[in-house]
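Below, chain A is the first sequence line, B the second, and so on; all start at residue 1.
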Protein chains: 2
Amino acid sequence: MGLRMTRERELIVAEVDSFDGHFEPDELLDRMRRKNIRVSRASIYRTLPLLVECGAIKEAVYKDRKTRYERLIGRDHHDHMVCTECGGVIEFVSDEIERLQEAVCKRHGFGIAGHTLEIRGVCRDCSEGKTGASSAGRGNTNSDARS
Amino acid sequence: MGLRMTRERELIVAEVDSFDGHFEPDELLDRMRRKNIRVSRASIYRTLPLLVECGAIKEAVYKDRKTRYERLIGRDHHDHMVCTECGGVIEFVSDEIERLQEAVCKRHGFGIAGHTLEIRGVCRDCSEGKTGASSAGRGNTNSDARS
DNA sequence: GTATTATTGCGACAGAGTCTCAGTTGCCAT
DNA sequence: ATGGCAACTGAGACTCTGTCGCAATAATAC
């Protein structure tokens with residue numbers, strides 16, 4: 001019944017730690033392949049949910065029906081603004097919003113395990129017509145100042 | 001270049017209107033099949049994004065990589081609490097949270113097009129050990145009082 | 001009524017993720 | 001230290017949601 005720490009899992013965890021932003025399972029696999037670290041796709045797909053369960057990573061930024069993860073350990077909680085033009089992701093935090101969520105849940109007797117707040121729209125660069133941002137910024141994560 | 005109002009699209013729109021909560025494309029298809037309304041799967045998959053674009057429905061509650069939609073017309077905006085035990089969905093609204101989101105986006109020069117706030121956790125019934133809720137409530141939508 | 005061209009339906013396809021199963025290995029008890 | 005067993009791995013087949021290409025059809029403009 002207990003989990004085991006295998007060589008493969010160590011390797012996966014180490015690789016996950018090397019990502020700063022978001023990553024997809026197959027992206028992780030490719031990266032390991034390129035480093036000649038051989039772990040099967042199935043093992044990666046089996047291990048990531050375990051890491052979610054123990055709070056090391058979480059699912060984030062749902063788009064085009066791929067599961068995307070991001071590391072939690074060593075990073076602060078934040079939410080996302082996703083630009084529909086360039087695909088860029090701005091991270092932000094609002095302690096007030098967090099507090100309000102807790103209040104609403106309390107009113108409903110709902111025990112919070114986690115949440116995902118994703119705001120879609122157009123980022124400053126794209127709305128100012130800097131079309132260059134459209135290619136340069138694709139998929140980028142702009143780590144951002146707190147609340 | 002212009003869109004056409006076809007018989008198939010009318011049928012799809014009519015069926016979408018008959019859903020009160022969330023629905024999945026294939027669920028819509030099954031329902032139509034059972035009523036002997038013959039529309040191809042491809043047409044449904046092609047039509048739903050059009051309805052999103054014209055604001056009649058929106059994508060909602062991403063889970064297990066299926067696209068789920070919900071009707072917008074005739075319904076107020078709301079966010080979701082999803083129970084990880086029974087799969088039930090509680091809808092809620094908080095005008096304050098909405099306001100704060102706008103404020104945060106304004107600070108970043110980000111033009112809001114829409115947002116998704118999904119809180120995961122355990123609903124009152126499940127946390128009180130009413131395991132019956134686990135089967136009875138699966139997938140249900142509890143429409144709920146405002147803020 | 002005819003021309004134009006968006007739309008349909010079908011079946012093939014694509015891609016993310018899951019499952020099966022035989023072989024391997026971490027871990028606990030002895 | 002070693003034997004046993006359940007957890008884990010890898011490979012590939014499989015599932016399922018969603019997309020595409022193409023010939024036939026039908027909505028709209030003229």
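Looking at E118(B) and E118(A), their side chains never come closer than 4.5 Å, going by heavy atoms from C-beta outward. The shortest side-chain heavy-atom distance between E96(B) and V104(A) does not fall under the 4.5 Å cut-off.
The hydrophobic clustering, which links ILVMFWY residues whose side-chain heavy atoms are closer than 4.5 Å, places I37(B) and V16(B) together. Following chains of ILVMFWY side-chain contacts shorter than 4.5 Å, one cannot reach Y45(A) starting from I12(A), and the two form parts of different hydrophobic clusters.
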*asked:* Would L48(B) and I44(B) count as a side-chain contact (heavy atoms from CB on, under 4.5 Å) here? Give the steps.
replied: CA-CA 6 Å; L48(B) 292 177; I44(B) 286 181; 3.9 Å; yes
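Here T67(B) reaches the OP1 or OP2 of dG18(D): one of its side-chain N or O atoms lies under 4.0 Å away. In this structure, S40(A) does not reach the dT9(D) phosphate: none of its side-chain N or O atoms is under 4.0 Å from OP1 or OP2.
Not a single donor-acceptor pair under 3.5 Å links the side chain of R41(B) to the backbone N or O of D26(B).
Taking atom CZ of R68(B) as the reference point, atom P of dG18(D) lies 9 Å away to the nearest angstrom. In this entry the distance linking CD of E10(B) with P of dT7(C) reads 14 Å, nearest Å. The distance from atom CG of L11(B) to atom P of dA26(D) is 14 Å, rounded to the nearest whole Å. If you take CD1 of I37(A) and C1' of dT9(D), they are 17 Å apart, rounded to a whole angstrom. The distance from atom CD1 of I12(B) to atom C1' of dT8(C) is 10 Å, rounded to the nearest whole Å. Rounded to an integer number of Å, the gap from I44(B) CD1 to dT17(D) P is 13 Å. To the nearest angstrom, C1' of dT9(D) lies 15 Å from CG of L48(A). Distance, D26(B) CG to dC16(D) P: 11 Å, rounded to whole Å.
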Under 3.5 Å, which N/O atoms of the protein pair with N/O atoms of nucleotides 1-3 of chain D?
none

Distances for protein N/O vs nucleotides 27-30 of chain D N/O pairs under 3.5 angstrom?
{"residue": "dA27(D)", "atom": "N3", "partner": "R4(B)", "partner atom": "NH1", "Å": "3.3"}
{"residue": "dT28(D)", "atom": "OP1", "partner": "M5(B)", "partner atom": "N", "Å": "3.3"}

Identify the pairs formed between an N or O of the protein and an N or O of nucleotides 19-21 of chain D at a distance under 3.5 Å, and give each distance.
none

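Taking the nucleotide of DNA chain D with the nearest heavy atom to each of P25(B) and R9(A), the more 5' of the two is matched to R9(A).
A cation-pi contact, defined as under 6.0 Å to the ring centre and within 45° of the axis, links R31(A) to F19(A).
Under the 30°/60° scheme for interplanar angles, the aromatic rings of H108(B) and F92(A) are found to be tilted.
Atom NZ of K106(A) has 12 or fewer neighbouring heavy atoms from other residues, nucleotides or ligands inside a 6.0 Å radius.
Under the side-chain hydrogen bond (donor to acceptor under 3.5 Å, both in side chains) rule, H22(A) has a single partner from H80(A), R68(A), R71(A), which is H80(A).
The pair E27(A)-K66(A) does not count as a salt bridge, with every side-chain nitrogen at least 4.0 angstrom from each carboxylate oxygen.
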